[in-house]
Amino acid sequence: MIVPCESNVRLGVNLDHVMTIRQARGTVYPDFEQAIVAAERAGADGITMHLREDRRHIQDEDVYLARRIMRTSMNLEMAATDEMRDIALEVRPQNCCIVPEKRMELTTERGLDVITHQARIRDLVSALSEADIAVSLFIEPDAKMVDAAARTGAPVIELHTGVYADAAGNSQENELNRIRAAAGHAASLGLVVNAGHGLHCGNVLEIARIENMHELNIGHSIVADALFVGLEEAIRRMKTAMREGS
Ligand code: PXP
């Protein structure tokens, strides 16, 4: 029997793939503002958008528009580059999530290597924090990486759940245990713990039930479900799945 989740984990809805449809044809639809308004009406606690270096879905003007009209908190995902730092400092979202980026990847395939790039990330965290932006580092569920993230001064981490999402059986259980351990370790260091990537209504409950989990950022599966039930209903179903499973 699946035990329902008592906690109230926040849902950040990632709208990148609504804009993938627009960019595929260079049309003016679907409308980003309409997507934001619908997501907030359906109960999104925040909206996440990834301004990629190749601008494959979200465009610069989308980010500025979102900042003007959003009523919930904005989470801007970005690579650790000077260009993105400058945009973030101008837009001033409530939250920034620093992610690794490779031009040819289909999506963000792994967590940030905070150990190798410690100095650069520390500088970025400090510049964004001075502007009152809560910085999150997207990392693998690994104690050494959590320690390195804490050393940069970032107040938040987002644990990469992609491996968990792609796994099955015992390997999925093992990955879930790694995520639990990393979340517990991060919380003991005073970090806020978020998670995301590859989550859908069928696999989200175990992640939402992890102690200390603050927020899940979910996009692809919500947009896929929206094709059949509409964006608002897809978001409501995800919120229910985070509490009760599917
Ligand atoms: N969190 C981060 C840091 C991401 O890069 C992504 C994908 O853009 C997500 C969460 C959402 O992943 P998905 O689209 O698989 O739900």
If you round to the nearest 0.5 Å, how far is [atom2] of [Y] from [atom1] of [X]?
| X | Y | atom1 | atom2 | result |
| --- | --- | --- | --- | --- |
| H117 | D123 | NE2 | CG | 13.5 Å |
| L124 | S129 | CG | OG | 8.5 Å |
| T81 | I98 | OG1 | CD1 | 9.0 Å |
| I115 | K144 | CD1 | NZ | 7.5 Å |
| L159 | L191 | CG | CG | 9.5 Å |
| M242 | T240 | CE | OG1 | 10.0 Å |

Inset, instruction - Kindly check if the number of other-residue, nucleotide or ligand heavy atoms within 6.0 Å of CD (E61) is above 12? - result: yes
I'd like to check [X] versus [Y] (side-chain heavy atoms, cut-off strictly below 4.5 Å). Are they in contact?
| X | Y | result |
| --- | --- | --- |
| L231 | L15 | yes |
| D225 | C201 | yes |
| M213 | R10 | no |
| D147 | L189 | yes |
| R209 | L205 | yes |
| T161 | L216 | no |
| D113 | M145 | yes |
| M49 | L76 | yes |

What closest approach, in Å, do [X] and [Y] show between heavy atoms, and which atom pair accounts for it?
| X | Y | answer |
| --- | --- | --- |
| L128 | A88 | CD2-CB, 3.8 Å |
| A35 | V18 | CB-CG1, 4.1 Å |
| A44 | V13 | CB-CG2, 3.6 Å |
| G184 | N212 | CA-ND2, 4.3 Å |
| A195 | I207 | CB-CG2, 4.1 Å |
| E33 | I69 | CG-CD1, 3.3 Å |

Can you check whether [Y]'s main-chain N or O pairs, donor with acceptor, with [X]'s side chain at less than 3.5 Å?
| X | Y | answer |
| --- | --- | --- |
| S73 | G46 | no |
| R71 | E40 | no |
| E175 | A167 | no |
| E140 | G111 | yes |
| D60 | I87 | no |
| Q59 | H57 | yes |
| Y164 | N203 | yes |
| N75 | I47 | no |
| N14 | N217 | no |

Inset, instruction - Take R178 and D142 through the test side chain to side chain contact (heavy atoms under 4.5 Å, CB included) and record every step on the way to the result. - result: CA-CA 7 Å; R178 283 185 75 213; D142 172 87; 3.9 Å; yes
Inset, instruction - Using the six-membered ring wherever Trp is involved, compare the ring planes of H197 and F138 and label them parallel, tilted or perpendicular (cut-offs 30° and 60°). - result: tilted
Legend entry - Ion pair R180/E206, N-O distance below 4.0 Å: yes
Quick one: do [X] and [Y] end up in the same hydrophobic cluster if we chain Ile, Leu, Val, Met, Phe, Trp and Tyr together by side-chain heavy atoms under 4.5 Å apart?
| X | Y | result |
| --- | --- | --- |
| V163 | V99 | no |
| I133 | V156 | no |
| V229 | L227 | yes |
| V135 | M84 | yes |
| L89 | V91 | yes |

Inset, instruction - Apply the test side chain to side chain contact (heavy atoms under 4.5 Å, CB included) to residues V125 and R122: give CA-CA distance (whole Å), side-chain angles for both, the deciding distance (0.1 Å), then the verdict. - result: CA-CA 5 Å; V125 169; R122 196 187 316 111; 5.7 Å; no
Inset, instruction - List in chain and number order the residues that pass side-chain contact (heavy atoms from CB on, under 4.5 Å) with A143, two or more places apart in sequence or in another chain; answer none if no residue qualifies. - result: H185
Legend entry - Partner set under salt bridge (charged side-chain N to carboxylate O under 4.0 Å, His left out) for E233, not counting sequence neighbours: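 E233 satisfies salt bridge (charged side-chain N to carboxylate O under 4.0 Å, His left out) with R236, R237 once adjacent residues are dropped.
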Inset, instruction - Determine, step by step, whether D82 and R85 satisfy the salt bridge (Lys or Arg N to Asp or Glu O under 4.0 Å) criterion, reporting the C-alpha distance in whole Å, the side-chain angles of both residues, the deciding distance to 0.1 Å, and the verdict. - result: CA-CA 5 Å; D82 292 350; R85 178 202 57 208; 3.5 Å; yes
Legend entry - Working for salt bridge (Lys or Arg N to Asp or Glu O under 4.0 Å), residues D16 and R56: CA-CA 9 Å; D16 293 352; R56 69 176 68 161; over 6 Å; no
Legend entry - Matching residue for H220 among H50, H17, H200 - test: ring-ring contact (aromatic ring centres under 6.0 Å, His included): H17
Legend entry - Worked check of side chain to side chain contact (heavy atoms under 4.5 Å, CB included) between F32 and V63: CA-CA 10 Å; F32 193 42; V63 174; over 6 Å; no
Legend entry - Donor + acceptor pair across side chains of Q34, Y29 (<3.5 Å):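 No, no side-chain donor-acceptor pair sits under 3.5 Å.
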Inset, instruction - For E158 and S136, test the side chains for any donor-to-acceptor distance below 3.5 angstrom and give the result as yes or no. - result: no
Inset, instruction - Determine, step by step, whether Q118 and T152 satisfy the side chain to side chain contact (heavy atoms under 4.5 Å, CB included) criterion, reporting the C-alpha distance in whole Å, the side-chain angles of both residues, the deciding distance to 0.1 Å, and the verdict. - result: CA-CA 7 Å; Q118 181 105 21; T152 67; 4.1 Å; yes
Inset, instruction - Step by step, work out the salt bridge (Lys or Arg N to Asp or Glu O under 4.0 Å) result for D45 and K239. - result: CA-CA 10 Å; D45 299 294; K239 291 204 79 156; 3.2 Å; yes
